[in-house]
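Everything on this sheet refers to the single structure shown next.
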Amino acid sequence: MTALTWISANQEMIYIVILMIFLGIEVIGRVPSVLHTPLMSGANAIHGVVIIGAIIVMGKAEHDNYLALSLGFLAVILGTLNVVGGFVVTDRMLEMFKKKKK
Amino acid sequence: MTALTWISANQEMIYIVILMIFLGIEVIGRVPSVLHTPLMSGANAIHGVVIIGAIIVMGKAEHDNYLALSLGFLAVILGTLNVVGGFVVTDRMLEMFKKKKK
Amino acid sequence: MEFSILTLCYLVGSVTFIIGLKMLSDPANARKGNLIAAAGMTIAIAGTIFLYESDGEKLHNYGWIFGGLIIGGIIGTLAAKKVQMTAMPEMVSLFNGMGGACAALISIIEFDHIANNPVVVNPGHVLIIFAGLVIGSVSFAGSIVAWGKLNGKFGDFAFSGQHIVNIIILLVVVASSAYVVYNSDVELNESFLYGILALSLLYGVFFVLPIGGADMPVVISLLNSFTGVAAACGGFLYENKVMLTGGILVGAAGTLLTILMCRAMNRSLKNVLIGSFGASGSSKGAAGGKDQGQYKEVSLSDAAVVMSYASKVMIVPGYGLAVAQAQHVCHELEKMLAEKGVDVKYAIHPVAGRMPGHMNVLLAEADVSYDKLLEMEQANDEFPSTDVVLVLGANDVVNPAAKTDTSSPIYGMPILDVELAKMVIVNKRSMKPGYAGIENELFFRPKTSMLFGDAKKVLQDLVAEIKNL
Amino acid sequence: MEFSILTLCYLVGSVTFIIGLKMLSDPANARKGNLIAAAGMTIAIAGTIFLYESDGEKLHNYGWIFGGLIIGGIIGTLAAKKVQMTAMPEMVSLFNGMGGACAALISIIEFDHIANNPVVVNPGHVLIIFAGLVIGSVSFAGSIVAWGKLNGKFGDFAFSGQHIVNIIILLVVVASSAYVVYNSDVELNESFLYGILALSLLYGVFFVLPIGGADMPVVISLLNSFTGVAAACGGFLYENKVMLTGGILVGAAGTLLTILMCRAMNRSLKNVLIGSFGASGSSKGAAGGKDQGQYKEVSLSDAAVVMSYASKVMIVPGYGLAVAQAQHVCHELEKMLAEKGVDVKYAIHPVAGRMPGHMNVLLAEADVSYDKLLEMEQANDEFPSTDVVLVLGANDVVNPAAKTDTSSPIYGMPILDVELAKMVIVNKRSMKPGYAGIENELFFRPKTSMLFGDAKKVLQDLVAEIKNL
Ligand SMILES: NC(=O)c1ccc[n+]([C@@H]2O[C@H](COP(=O)([O-])OP(=O)(O)OC[C@H]3O[C@@H](n4cnc5c(N)ncnc54)[C@H](OP(=O)(O)O)[C@@H]3O)[C@@H](O)[C@H]2O)c1
Ligand SMILES: NC(=O)c1ccc[n+]([C@@H]2O[C@H](COP(=O)([O-])OP(=O)(O)OC[C@H]3O[C@@H](n4cnc5c(N)ncnc54)[C@H](OP(=O)(O)O)[C@@H]3O)[C@@H](O)[C@H]2O)c1
């Protein structure tokens with residue numbers, strides 16, 4: 001019962017999640033195997049969006065909450081690594097593919 | 001400005017609409033041309049979901065509102081035609097394709 | 001609680017629509033996909049009837065609702081079961097129109113409701129009501145016209161400046177809707193509603209009337225996606241997710257499908273929708289431009305002999321076969337030749353006929369087995385080893401101008417290379433051009449012989465001849 | 001107002017992620033797709049920093065935030081720019097681990113926050129926090145182990161019953177999380193948090209450790225989708241749509257990609273994840289089972305002569321070439337042969353090496369031109385007209401057992417049919433099997449000659465020989 005009311009309270013979110021799952025599957029359905037690694041790397045960069053959570057946590061931390069400040073700071077660094085490193089490394093891989101085409 | 005607040009007030013709906021558009025395009029991206037007609041017919045049946053609106057309108061009409069009752073009744077009939085006729089005719093078309101395969 | 005179950009029903013409905021449409025685009029699963037979507041629809045409808053609540057109140061008027069469902073269900077089933085295979089596009093168009101009308105009626109009732117219950121009116125609400133009304137009625141009127149054209153009930157109709165008129169009508173509709181929406185807290189006058197309704201219907205008619213009958217499948221697909229959007233408006237109105245998702249899904253998929261259909265004919269959507277006006281003139285000019293020389297005829301009995309003693313015959317069906325309803329006798333000819341040891345196959349061009357898959361559906365109706373049907377690429381590979389090609393009421397799909405004549409309206413369309421075979425017999429009633437309105441050089445080529453007459457009659461005679469051999 | 005703009009930023013972000021991922025799966029647009037997604041990410045991050053509000057309050061601690069962004073940005077860019085092409089999978093794994101750790105840290109801070117601010121606690125909230133914690137830390141620990149294995153820092157490690165232990169750890173994690181969630185209105189003890197964190201990390205390590213190094217790309221892809229789900233948990237927590245959609249998108253796409261990668265190796269995911277345990281024993285048995293007879297060797301100078309005077313040579317690169325870092329000298333050999341008028345091409349098997357596209361990336365690094373690379377089907381079409389095939393550190397991808405031996409673990413995998421060529425020269429260091437751990441009959445076939453030695457060394461010697469011819 002609670003599960004059902006939860007469903008109807010969060011129906012939009014549930015719709016978004018389900019549609020996103022379908023989209024994720026559809027969108028890469030036809031990827032040729034040479035692109036598996038760059039695609040994996042690009043997807044890796046996209047989930048770096050978790051950095052936004054780290055920024056929010058960090059930006060809401062009180063000035064005397066050292067646990068939150070230090071862990072949040074670490075989270076921001078790690079999240080940035082994921083995003084920046086992810087996109088740059090993907091671009092490097094794909095640059096290789098590009099160069100060969102010409 | 002009002003457009004922006006409207007966007008943030010309805011963001012879930014907007015997300016759903018946008019994701020659905022992507023999905024609609026992705027899902028039929030690779031349809032072979034023999035299936036164009038059955039696919040059109042199947043899609044036609046699906047938009048018959050508008051019947052739900054007709055049922056709601058009809059079911060909420062007051063007993064003495066003859067305009068609503070009569071138009072609503074007509075809407076229910078037309079919507080049902082769309083749904084039932086749509087699915088049945090699609091099935092008939094596809095049955096033809098099926099039979100041939102064996 | 002019940003409302004939560006309804007939410008779940010709608011969720012299931014939306015998911016089945018997506019899965020169903022996905023499966024519909026894959027030959028092996030198409031039929032199952034249609035049934036899955038139908039099951040989801042049933043769940044969503046049943047859920048609405050029994051579980052829907054608005055302000056804590058359930059629906060009433062069950063008698064009316066079930067009455068409507070039963071009447072619509074029976075008529076719909078009968079119509080869909082009775083319709084001839086070749087008349088299916090008409091039927092789809094008609095059903096599509098019903099959906100559009102349904103959306104428009106909902107908007108009328110809702111408008112009436114808020115006009116007579118002067119509570120606080122939300123302009124967004126009014127906007128959606130008008131959107132549903134306009135799109136629904138354009139779709140309805142357009143579909144009916146498309147139905148009539150495919151049926152042969154309406155001919156083409158265009159007057160000069162019709163584009164301008166169409167654009168003006170559209171602008172008036174948009175402007176007056178905007179006016180009403182903007183002033184919706186002041187006045188909600190029903191006369192506006194009916195004015196907009198009338199103009200929308202008119203626009204639907206004018207939009208479709210000038211377009212050639214053969215382009216109707218594309219137009220129907222476009223109107224199909226319109227109705228999807230109209231249904232989605234209903235979804236916004238009632239914050240109903242299954243209407244919203246189903247409508248948008250069809251709106252998006254239908255738009256893409258329309259484009260894909262145009263692409264299969266090697267034309268642009270714009271060309272289909274407005275190109276129809278000037279095009280006929282110029283293509284006629286092109287047709288008369290070249291002097292094609294002489295063509296050869298072949299007698300029925302000669303044709304019968306040639307085919308009976310061939311080792312491989314390829315039949316190229318086209319629109320004429322469908323018009324003549326000659327699919328059954330064609331199958332008979334095929335069986336008779338097969339009995340004589342001839343290897344008979346069909347070469348199916350993707351846009352032969354007047355709707356995608358037309359030939360497949362047509363030949364399936366006559367029980368032609370699936371493995372005898374070759375797609376264009378396969379067929380082109382097999383022509384060099386073919387003795388006789390029998391072209392039955394096809395024209396544009398075997399026109400070599402598509403490969404050679406850059407000025408031809410069909411230039412670039414892939415065609416069936418029948419000339420690779422040893423001999424080509426073409427059956428049609430005259431030397432008149434086909435759908436694209438252009439001459440076909442093939443008919444004048446040395447390998448080609450013409451066999452004039454209605455496809456059904458000619459095939460019956462051929463069958464009789466072969467029997468007597 | 002500002003918050004509305006932020007909503008729009010997030011919407012743009014979500015859309016770019018979808019479009020970016022779509023383009024990433026299409027060779028012609030992949031690079032642009034990556035940049036589009038990066039642009040969307042930048043918009044979403046900048047929007048968050050400047051426009052985010054919670055309870056009407058803006059973010060603070062800007063110094064910390066920008067500090068973290070700058071430090072992370074610089075390290076990330078440098079690491080990504082410096083890393084060698086062949087070490088890219090390791091790098092991706094490391095970045096993935098960072099994302100997982102970030103998600104876990106967020107959960108720790110949020111848990112701490114609600115544990116110390118006894119307001120009304122929503123069990124759903126706690127559930128999401130734990131989900132983020134567990135999934136994020138499994139992904140972090142697993143990615144670090146995967147990184148270490150690809151690096152050669154960690155070897156395989158498994159003890160009997162490890163599966164059972166893994167399952168027990170998982171159950172304990174789930175059960176204690178459920179306990180805390182269920183009792184979240186009574187007690188929120190931090191010791192639970194750290195216990196669950198520790199167990200999750202342990203599970204991540206145990207999950208990845210026993211899996212063979214060559215399967216790491218598959219594992220990384222799986223962990224990648226885990227991190228996606230962890231990010232989506234953050235999206236639920238802050239009702240943040242861009243985190244939610246981005247996370248779920250990667251979660252779903254990553255899962256499918258994992259399956260596609262397995263399929264390209266003709267294996268199931270289950271087989272990759274737990275098959276590694278018993279498999280080595282049985283395949284060793286199979287390898288020793290058959291007596292393969294004798295193999296032939298060819299001397300360096302003979303090989304040099306044969307190739308120089310061939311008119312067409314096909315190079316089949318494999319994992320050994322990557323290990324030996326011999327791509328540059330390989331390109332040199334190719335150029336030298338080309339100067340002598342030999343037509344040299346590369347036959348690229350889709351799963352040659354240890355990551356998809358490994359050979360393409362490797363050879364691209366050595367500036368081999370793209371049109372010299374043939375895909376498997378093309379290559380198989382060209383082998384019959386090839387004089388010499390030079391197999392460089394490849395083994396499984398040319399093993400005919402995949403076609404003939406139904407009991408072979410690679411049965412059914414499409415292979416490069418090198419035997420269609422006139423002669424095959426195989427370079428490897430010994431007769432040891434490759435990745436799949438099975439003997440290769442090709443080495444014993446009459447057309448095949450072995451050329452033992454480290455690929456780089458052998459190629460250098462070949463180049464020297466050919467120079468002196
Ligand atoms: N498939 C689709 O989805 C679709 C949709 C819209 C448009 N189109 C277009 O339609 C065309 C299809 O090409 P097509 O080769 O199938 O047809 P076509 O080019 O239209 O030619 C049909 C031919 O059949 C002949 N014919 C008509 N009635 C006949 C009868 N009773 N018995 C014997 N012959 C008869 C006509 O010549 P006579 O008058 O001399 O007998 C005509 O030349 C293409 O141009 C395509 O782009 C296709
Ligand atoms: N591409 C992917 O995505 C991926 C991912 C995971 C697994 N796999 C699997 O990896 C395998 C790939 O096949 P493959 O043919 O490329 O490789 P392989 O079957 O693993 O064989 C590589 C061969 O290279 C030789 N070698 C090693 N170091 C060398 C050196 N320094 N110089 C010369 N030779 C050396 C080894 O023999 P010696 O020891 O005798 O020298 C070995 O037999 C397939 O089984 C595939 O399923 C692929």
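Every chain is numbered from 1 and lettered A, B, ... according to where its sequence line falls, protein lines coming before strand lines.
If you measure heavy-atom distances from A/N65 to chain D, the contacts under 4.5 Å come from the side chain alone. For a residue to count as touching a neighbouring chain, one of its non-hydrogen atoms must lie under 4.5 Å from one of that chain's; by this rule A/L19 does not touch chain D. In this structure, the portion of D/M41 lying under 4.5 Å from any heavy atom of chain A is its side chain and not its backbone. Of the atoms belonging to A/V17, heavy atoms from both backbone and side chain fall under 4.5 Å from chain D. Both the backbone and the side chain of D/F17 come within less than 4.5 Å of a heavy atom in chain A. For A/A61, the parts lying under 4.5 angstrom from a heavy atom of chain D are both the backbone and the side chain. For D/M91, the part lying under 4.5 angstrom from a heavy atom of chain A is the side chain only. With a threshold of 4.5 angstrom between heavy atoms, D/L24 approaches chain A through its backbone and through its side chain. Proximity to chain D involves both the backbone and the side chain of A/I28, based on heavy atoms less than 4.5 angstrom apart.
Contact tally against chain D (heavy-atom pairs below 4.5 Å) for A/T90, A/N10, A/L67: the top residue is A/T90. Each of D/K241, D/M88, D/K22 has some count of heavy-atom pairs under 4.5 Å with chain A, and the biggest count is that of D/M88. Comparing D/I71, D/T245, D/I75 by heavy-atom pairs within less than 4.5 Å of chain A, the highest count is held by D/T245. Here A/T37 is the residue among A/V88, A/I25, A/T37, A/V83 with the most heavy-atom pairs under 4.5 Å with chain D. For the set D/C102, D/A30, D/G76, the entry with the most heavy-atom pairs within less than 4.5 Å of chain A is D/C102. Chain D forms more heavy-atom pairs under 4.5 Å with one residue of A/G48, A/A54, A/G53, A/G79 than with any other, namely A/G53. Heavy-atom pairs under 4.5 Å with chain D were tallied for A/I52, A/I51, A/I21; the largest tally goes to A/I52. Per-residue heavy-atom pair counts under 4.5 Å with chain D were compared for A/L69, A/L78, A/V31, A/V76, and the maximum is reached by A/L78.
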- Task: Apply side-chain hydrogen bond (donor to acceptor under 3.5 Å, both in side chains) to D/T48 and D/Y10, showing your working.
- Result: CA-CA 9 Å; D/T48 308; D/Y10 286 168; 2.7 Å; yes

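Residue D/E239 places its CD atom among 12 or fewer non-hydrogen atoms of other residues, nucleotides or ligands, all under 6.0 Å distant. For D/E375, the CD atom sits in a loose shell: 12 or fewer heavy atoms of surrounding residues, nucleotides or ligands are nearer than 6.0 Å.
Note that OG1 of A/T80 is 7.0 Å distant from CD1 of D/I45, once rounded to the nearest 0.5 Å. Put simply, CE on A/M93 and CG on A/L39 are 10.5 Å apart, with the number rounded to the nearest 0.5 Å. With rounding to the nearest 0.5 Å, the separation of CG in D/N224 from CG in A/N44 is 5.0 Å. Rounded to the nearest 0.5 Å, atoms OG (A/S70) and CD1 (D/I109) are 7.5 Å apart. Atom NE2 of A/H36 and atom CG of D/L257 lie 5.5 Å apart (nearest 0.5 Å).
Between D/F50 and D/F66, the ring-plane angle classifies as tilted under the 30° and 60° cut-offs.
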